[in-house]
Each structure stands twice: as structure tokens, then as C-alpha cells.
Number of protein chains: 2
Amino acid sequence: MIEPEKLSEHVERLNAELRRGLIVLVVMSQLEEKQYGYSLLKQLEEKSFSITQDTLYPMMRRLENQGYLQSDWQLDDNRPRRYYQLNEFGQAVLDALRKDWKTQLRIIEEIVR
Amino acid sequence: MIEPEKLSEHVERLNAELRRGLIVLVVMSQLEEKQYGYSLLKQLEEKSFSITQDTLYPMMRRLENQGYLQSDWQLDDNRPRRYYQLNEFGQAVLDALRKDWKTQLRIIEEIVR
DNA sequence: AACAATACTGTATGATATACAGTATAATAA
DNA sequence: TTATTATACTGTATATCATACAGTATTGTT
């Protein structure tokens, strides 16, 4: 039996776990439009969705490996940036996922109250 | 680069991942009232939230280890059943988690559209 | 008598968010 | 000029946990 430490630590850990799977949905939905990692990072920050480099960069690489994203290097302002965007397959996956999510959400909201 | 197989397989995997962290919230919210594993399983099934024994039983054990639940064996109808319920700490954690979740949800809904 | 439903236990595995460690340039402040 | 912060990545390690797998035993039901 683990000793109950500070409440907030527990809540934070559970909250992080809770956001876990949602992050993909959030990120994919933002990649309907072309973005590079850092710009997406700032954009989500702006929208009050906290995410770090440690989470975002590996996730984008993974989403590309899984075949949802297409990426290319672009040189703007003399700076190389790796731009990502959903490809056709990724867009189809996102559309379906979004639909499932909305159904799930109704069920969960009913249960959690 | 992984070959894009059937769309539905991808969507299902992502959807499962999406539900991942939410399950704790769902289960804890049901354990404000005393329940044994199998009854909770059937109750959630009834409410269209699909979850299997493989997920539920280990989770309840874990939530008890983490100090959120209290459990005891009861003999009803001559059958031994292990009843679980949130303890005081678990209730406090749930209350805070629920609150955070509602905030998170508003943000996510705004982003995902 | 056979089978499904009920009601658990214990341990293994795989996916992945996050952590850690590092590189390099541009902009800004001291 | 120099230091610091912001920008913008890369690669690999770790910890958590949903799910899988394997098993036990009793109570209906057909």
C-alpha cells in the first residue's frame, strides 16, 4: 500500500494520464494545416493546451512513421524548419477518430457527470 | 515507414489509446458507490462504455494500491465478492480530477472542433 | 452432463508520454 | 562584445499502464 502523499501530485499524475491519448487527436487536428514543431508548440500553448517539446517532437516523428503525416524541410527567414501536415490517409484517420471521439465523449460525460 | 493497412485498424488503435486515461475517471466515478468488479463491468457495459475484465480487474487492484480505494470481501448469495469503494482520499482525488477534466475538455473541444 | 455466466487471481507485453541529453542558429540584453 | 534566451531540431531511455494471457472455482442453465 503506497502512502498517500500530497493530493496535488496524485491529481497531476492522473490528469497527465487522462490527457495522454487525447494529445494525438489535438495534434492531428492542428495538422490539417501545415506546421512545424515549434510553431505548433506555441500555438497550442496559446490555446491553453500545455505540451512540451519532449512530447510533441517524438509524437510528430511517430505519426509520420505510422503514415499519417508527410513532412518536408523548408527554409524561411534563413532558418530550416521541418514542416508536417496530414496526408490523405491521416486525414481519413482523423475524420474517423473525431467521429468516434464525439460518441465516446457523450457516453463518458453521462457516466462521469 | 509503416504501410497504411486498413483504416479501421488504425482508428481502433488510436481510439483505444484515446480512452486510455479516461478509464480511470470513469471507474473512479462509479466507485463513489460500493461495487464489486463484475457488477461494475456489467454496469459500464449497460452504459455503453466497453471495458473488459483484463482492463478492469488490474485497474481496481492498482487503484487500491495507490491508496484511492478500500476493499473488502463480502458474502452475498453464498458467493464471495470483493467490493471496492473510494476512500476519503480517493474521493478528494476524484473531485479534483473531475474539475481539471472539465477545464481540459473545454480547451480540447475548442481545438478539435 | 456439458456449457455459459459469474467472479476472481497473478504475471507478461507492448505502446507511448515524458525525460534526458545533446546540437546549432538567431535575437536580444548586459 | 558577450552572455543569455528563444528558436528549432535530433536520438535514445524510462516509467506507466491498458490489455493480453493463463489459470481457478462456483453457480446457473440447457
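Values reported hereafter were calculated over all heavy atoms of this structure, with side chains retained and with hydrogens, waters and symmetry mates removed. What you see is a predicted model, and the numbers here were worked out from it, not measured in a lab. In the text below, chain A, chain B and the rest are named by the order of the sequence lines, each starting its count at 1.
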Check your understanding: From dA8(D), dC17(D), dT18(C), pick the nucleotide closest to the side chain of Gln66(B)?
Key ->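 Per side-chain heavy atoms of Gln66(B), the pick is dC17(D).
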Spacing of [X] atom [atom1] relative to [N] atom [atom2], expressed in whole Å:
X	N	atom1	atom2	answer
Asp54(B)	dT11(C)	CG	C1'	12 Å
Met59(B)	dC17(D)	CE	P	9 Å
Asn78(A)	dT7(D)	CG	C1'	14 Å
Leu25(B)	dA18(D)	CG	C1'	16 Å
Leu22(B)	dT19(D)	CG	C1'	16 Å
Asp77(B)	dA7(C)	CG	P	8 Å
Gln104(B)	dA17(C)	CD	P	15 Å
Tyr57(A)	dA19(C)	OH	P	16 Å

OP1 or OP2 of [N] less than 4.0 angstrom from a side-chain nitrogen or oxygen of [X], does that happen here?
X	N	result
Tyr36(B)	dC8(C)	no
Gln53(B)	dC21(D)	no
Thr55(A)	dT18(C)	yes
Arg82(A)	dA8(D)	no
Arg79(B)	dC8(C)	no

Review point. Considering all heavy atoms of both residues, which atom of Leu75(A) and which atom of Asn78(A) are nearest to each other, and what is their separation?
Key: CD2-C, 3.4 Å
Point to revise | Sugar-phosphate only, base, or nothing, as touched by Glu17(A) at under 4.0 Å among non-hydrogen atoms | key: sugar-phosphate
Review point. With sugar-phosphate meaning primed atoms plus P, OP1 and OP2, does Ile23(A) contact a base, only sugar-phosphate, or nothing at under 4.0 Å between heavy atoms?
Key: sugar-phosphate
Point to revise | Donor/acceptor link under 3.5 angstrom from Arg61(A) side chain onto base of dG11(D) | key: yes
Review point. Taking N and O atoms by type only, does the side chain of Arg20(B) place a donor or acceptor under 3.5 Å from a partner on the base of dT16(D)?
Key: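 In this structure, the two groups form a donor-acceptor pair.
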Check your understanding: On DNA chain C, nearest-nucleotide positions of Tyr84(B) versus Leu14(B): which is more 5'?
Key -> Tyr84(B)
**Study point:** Within 6.0 Å of CD in Glu110(B), more than 12 heavy atoms from elsewhere
**Key:**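 Atom CD in Glu110(B) is not packed in, count stays at 12 or less.
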Exercise for review: With Arg19(B) as the cation and Phe49(B) as the aromatic partner, state whether NZ or CZ is under 6.0 Å from the six-membered ring centre and within 45° of the axis.
Suggested key: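 The answer is yes; both the distance and angle limits are met.
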Revision key, fill the gap. Whichever of Arg19(B) and Tyr38(A) has the more 5' nearest nucleotide on DNA chain D, that residue is Tyr38(A)
**Study point:** First encountered from the 5' end of DNA chain D, between Arg62(B) and Lys42(A)
**Key:** Lys42(A)
Practice item. Might you work through the side chain to side chain contact (heavy atoms under 4.5 Å, CB included) test for Gln66(B) and Arg13(A), ending with a clear yes or no? Key: CA-CA 12 Å; Gln66(B) 289 170 339; Arg13(A) 193 178 42 72; 3.8 Å; yes
**Study point:** Between Gln91(A) and Asp95(A): side-chain donor-acceptor atoms closer than 3.5 Å
**Key:** yes
Review point. Donor-acceptor pair, Gln85(B) side chain versus Ser71(B) backbone, under 3.5 Å?
Key: no
